[in-house]
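Comments concern the structure below.
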Amino acid sequence: MPLLLTLPDGSTREVAPGTLPRDVVASIGPRLLQAAIAVTVDGEVQDLQTPLRKGGAFTVITEKDPRSLDVLRHSGAHILATAVRRLRPEAKIGFGPAIDDGFYYDFEVDKPFTPEDLEAFEAEMRKVAGEKLPFVRAEVNQIEAKAVFSDDPLKLERLADFEGTDEVISTYTDGGFTDLCRGPHVPDTSYLKHFKLLHTAGAYWRGDEKRQMLQRIYATAFFKKDELDAHLHRIEEAKRRDHRVVGRALDLFQFFPVSPGAAFWTPRGTTLYNAVEQFVRERQQEHFLEVKTPLLYTKKLWEQSGHWGKYKENMFLVLNSETNEHDMSLKPMNCPSHHLFYTAHKHSYRELPIRYVTFDVLHRNEVSGALSGLTRVRQFAQDDCHVYLREDQIADEVKFLMDFILGYYDAFGLSATLRFATRPPVRIGSDELWDRAEAALKAALEATGRPYELKPGDGAFYGPKIDFDVTDSIGRQWQLGTIQLDYNAPERFDLEYVGEDNASHRPVVIHRAVSGSFERFLAILIEHFAGAFPVWLAPEQVRVLPISDELASVAQEVTTRLRAAGIRAQLATDESLNYRIRQAEVLKVPYMAVIGRREAEAGTVAVRVRGEGKKQEVISVDSFIERVRGEIASRALTPASGGTSA
RNA sequence: GCCACAGUAGCUCAGUGGUAGAGCACUCGAUUCGUAAUCGAGCGGUCGUCGGUUCAAUCCCGACCUGUGGCUCCA
């Protein structure tokens with residue numbers, strides 16, 4: 001039976017099964033063969049030397065197709081392994097896939113790799129690429145494969161997974177190096193031209209902390225030099241924006257070893273923190289009920305909520321010195337305390353939905369290796385809300401919360417992607433409850449008409465959720481907000497409302513966070529704006545700069561007026577004018593109000609905008625105040641960045 | 001938690017087996033300045049902590065603490 005291939009122009013080809021795509025492409029045109037990286041058959045990417053087994057839509061993938069990059073990078077991983085094996089023949093090979101921004105390869109070695117090793121490997125890779133070694137594909141059976149990889153226990157283990165399946169086992173060889181591999185690959189090693197080894201890291205074999213630690217080498221590769229350069233530049237840009245670096249430079253927060261994973265907010269940082277928190281409060285004023293609840297609870301509550309069983313590892317337990325037992329814990333979540341509030345009264349169906357919100361501090365005992373700046377901490381606060389509602393209100397409520405969340409991100413110039421996460425392997429509650437919860441949330445999500453992605457198995461242990469992944473100004477994604485549907489808590493806490501029928505019913509609970517944790521959200525904002533905050537967020541909004549000391553009293557008066565108008569202004573009289581302008585620029589103060597003799601006499605200020613250099617504007621103090629107040633009140637995203645200047 | 005790397009003045013960093021330096025910051029003095037660092041002087045460190053090797057340790061070794069990059073986007 002010949003295979004029928006349909007080309008993009010609608011024409012068809014009949015080829016014998018086992019024909020190589022290379023030959024099909026060559027028959028279309030030799031120039032196309034030169035440009036070809038791989039092909040797709042019926043939507044599946046395969047390389048030019050894997051025999052065709054089925055027909056269907058046939059397209060040629062060139063450098064222009066983003067999918068070709070994965071092929072190149074996967075081949076890059078093999079070339080890395082080839083180079084490592086030449087220099088360290090004893091290295092056992094693990095896995096080496098393409099990943100989002102490049103590729104990696106895992107090795108088992110006695111001596112970990114040093115930075116010098118990396119340089120040597122990279123040089124060797126350039127040699128391998130220069131040798132233009134073809135990637136030769138072979139199909140083998142179990143017995144042959146075992147023989148090929150007899151010295152590579154990790155490969156043998158992978159091989160064993162295929163035992164008893166009808167999976168086609170294939171190997172790829174470039175030069176003297178053979179790897180167990182599904183492909184696809186570029187035709188030969190010379191395709192790898194623009195690449196860089198980035199760093200090493202430890203990685204458990206198969207991600208299992210009980211297995212041995214392998215040495216992973218991370219790298220990246222591109223078809224074009226300018227793309228590689230752009231990528232490396234993005235890495236540099238991310239470093240420049242790193243909230244830990246910016247946070248120090250702008251004096252926003254610090255950490256002390258005496259409280260690992262818990263931030264100390266400086267006066268400037270606290271101002272920023274409060275500005276964000278106040279914004280949330282204002283937005284929640286109308287439809288939410290803010291409460292404050294204790295930080296410390298008895299074990300009994302956590303047993304009831306299920307945390308004691310499922311979440312204890314992450315909780316800070318408090319030792320009772322009398323009984324020598326851990327019978328209390330700092331709260332890692334707010335839900336139980338909100339449930340208590342709910343149960344304190346009888347509720348009518350007419351009251352629902354009820355929305356409790358809290359800004360309380362939470363503690364989670366993250367493992368030491370997981371801590372990282374403000375993005376992964378042990379103490380943090382959430383803009384945490386629990387909604388108690390009737391099942392028939394789910395769709396409206398999800399839409400309401402979703403609009404609330406998306407509007408919030410919008411205020412910071414952040415856009416969000418929606419992800420729907422379903423039941424995880426470790427969970428509480430019956431499958432029937434999960435069926436209902438997932439169906440209800442999905443229906444609500446689809447009723448909003450917004451596009452979303454699926455994350456199977458990624459739900460919370462008590463329910464499915466919608467996650468909001470936000471993209472920042474340099475294209476990185478962060479998971480922030482969440483809407484989680486919970487049918488379990490109402491059971492566990494015996495939550496009830498009285499229905500129209502005068503009978504008792506179970507409400508549903510929705511867990512909602514918008515910022516995720518404030519700590520992490522502020523880290524994201526710091527990086528998103530590169531420290532150049534819009535006026536309403538800026539810790540210091542205006543710096544008043546008299547040109548000489550004789551104008552100090554006028555400048556002081558202007559500063560006082562600005563402050564009286566609710567503007568965070570500071571007067572700077574030290575050193576030279578140039579020096580003070582530089583200080584204000586470095587601290588990314590949005591506005592500088594310069595006052596010389598002319599301004600003092602005319603009752604004006606020369607307004608210098610952060611990042612815009614000498615493009616100043618002389619306006620009256622009154623209109624300057626008006627302008628800044630207006631921008632603060634509207635929470636405008638001005639003055640625009642300036643975040644790209646060094 | 002595990003692997004690798006790092007820890008020198010408040011910050012950024014240089015340096016050496018014979019108990020340490022720079023720039024900025026800070027203090028003082030001079031300068032009073034029209035848009036990104038005025039000049040000079042001074043202060044400042046048990047070289048993360050504890051132990052070991054050594055005649056001698058900030059440097060070599062070990063442990064600990066803290067931080068940084070990671071810890072399957074399955075061959």
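The sequence lines fix the lettering, A, B, ..., with proteins before strands; numbering per chain opens at 1. What you see below is based on every heavy atom in this structure, not just the backbone, and it leaves out hydrogens, waters and symmetry mates. Note that the coordinates shown come from a computational prediction; the quantities given were computed from them, not determined experimentally.
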If the P atom of B:rG48 is compared with that of B:rG10, how far apart are they to the nearest Å? 12 Å
Inter-nucleotide P distance (B:rA9, B:rG44), Å rounded: 15 Å
Grab the CD-C1' distance between A:Glu575 and B:rU27 for me, whole Å please. 12 Å
Determine, for nucleotides 67-75 of chain B in 5'-to-3' order, which nucleotides have protein heavy atoms under 4.0 Å from the base (write B), from only the sugar-phosphate (write S), or from neither (write -). SSBBBBBBB
Determine the interatomic distance between P on B:rC5 and the same-named atom on B:rC60; round to the nearest Å. 13 Å
Contact check, residues 598-606 of chain A vs RNA chain B, heavy-atom distance under 4.0 Å, returns A:Arg598, A:Glu599, A:Ala606
Could you work out, with salt bridge (charged side-chain N to carboxylate O under 4.0 Å, His left out) as the rule, every residue matching A:Glu116, not counting sequence neighbours? none
Only counting residues at least two apart or in another chain, list the ones meeting salt bridge (charged side-chain N to carboxylate O under 4.0 Å, His left out) with A:Arg568. none
P-based separation of B:rC24 from B:rG42 [nearest Å]: 14 Å
Rounded distance in Å between the P positions of B:rU53 and B:rG62: 15 Å
Just jot down the side chain to side chain donor-acceptor pair (under 3.5 Å) partners of A:Glu227, sequence neighbours excluded, or say none. none
Name all pairs fulfilling the salt bridge (charged side-chain N to carboxylate O under 4.0 Å, His left out) condition that reach into residues 251-270 of chain A, sequence neighbours left out, sorted by first residue then second. A:Arg268-A:Glu540
How many Å lie between CD on A:Glu366 and C1' on B:rU66, as a whole number? 17 Å
Nearest-Å distance, CD1 (A:Ile595) to P (B:rU35)? 16 Å
Run the ring pair (Phe, Tyr, Trp, His ring centres under 6.0 Å) test against A:Tyr104 and tell me which residues pass, sequence neighbours left out. A:Tyr218
Quote, to the nearest angstrom, the C1' distance that separates B:rG67 from B:rU8. 16 Å
Checking A:Trp265 now: which residues fulfil ring pair (Phe, Tyr, Trp, His ring centres under 6.0 Å) with it, not counting sequence neighbours? A:Phe253, A:Tyr273
Using a cut-off of 4.0 Å on non-hydrogen atoms, how would the nucleic acid contact of A:Asn578 be classed: base, sugar-phosphate, or nothing? sugar-phosphate
Give each stem of RNA chain B as a range with a range, requiring at least 3 consecutive Watson-Crick or G-U wobble pairs whose two distances are under 3.5 Å. B:1-7 with B:65-71, B:10-13 with B:21-24, B:26-30 with B:38-42, B:48-52 with B:60-64
Atom-to-atom span, CG of A:Asp549 to C1' of B:rA30 - whole angstrom: 14 Å
Who pairs with A:Arg67 by salt bridge (charged side-chain N to carboxylate O under 4.0 Å, His left out), at least two apart in sequence or on another chain? A:Asp65
Salt bridge flag under 4.0 Å for residues A:Arg211 and A:Glu209: no
So, using salt bridge (charged side-chain N to carboxylate O under 4.0 Å, His left out) as the criterion, who are the partners of A:Arg378 when residues are at least two apart? none
Just checking A:Gln583: base, sugar-phosphate only, or nothing, at a heavy-atom cut-off of under 4.0 Å? nothing
Backbone of A:Glu236 reached by a side-chain donor or acceptor of A:Arg241 within 3.5 Å: no
Atom pair distance, as rounded to whole Å: CZ in A:Arg376 and C1' in B:rG1: 13 Å
Taking the same atom, C1', in B:rA63 and in B:rA22, what whole-Å distance lies between them? 34 Å
Atom NZ of A:Lys614 and atom P of B:rU35: how far apart are they, to the nearest Å? 6 Å
Filter on salt bridge (charged side-chain N to carboxylate O under 4.0 Å, His left out), then keep only pairs touching residues 213-222 of chain A, sequence neighbours left out; what's left? A:Asp106-A:Arg216
How long is the line joining CG of A:Asp574 and P of B:rU38, in whole Å? 10 Å
Could you check A:Glu550 against A:Arg608 and say which one's nearest nucleotide on RNA chain B is further toward the 5' end? A:Glu550
B:rA6 and B:rC61, which share atom name P, separated by this distance in whole Å: 11 Å
A:Arg244/A:Asp242 salt bridge by N-O under 4.0 Å criterion: yes
For a quick check, tell me whether the side chain of A:Arg580 and the base of B:rA37 share a donor-acceptor pair closer than 3.5 Å. no
So, is A:Tyr579 near the phosphate of B:rC39, with a side-chain N or O under 4.0 Å from OP1 or OP2? no
Donor-acceptor contact below 3.5 Å, side chain A:Asp174 vs main chain A:Pro134: no
Measure from CD1 on A:Ile547 to P on B:rG34 and round the result to the nearest Å. 7 Å
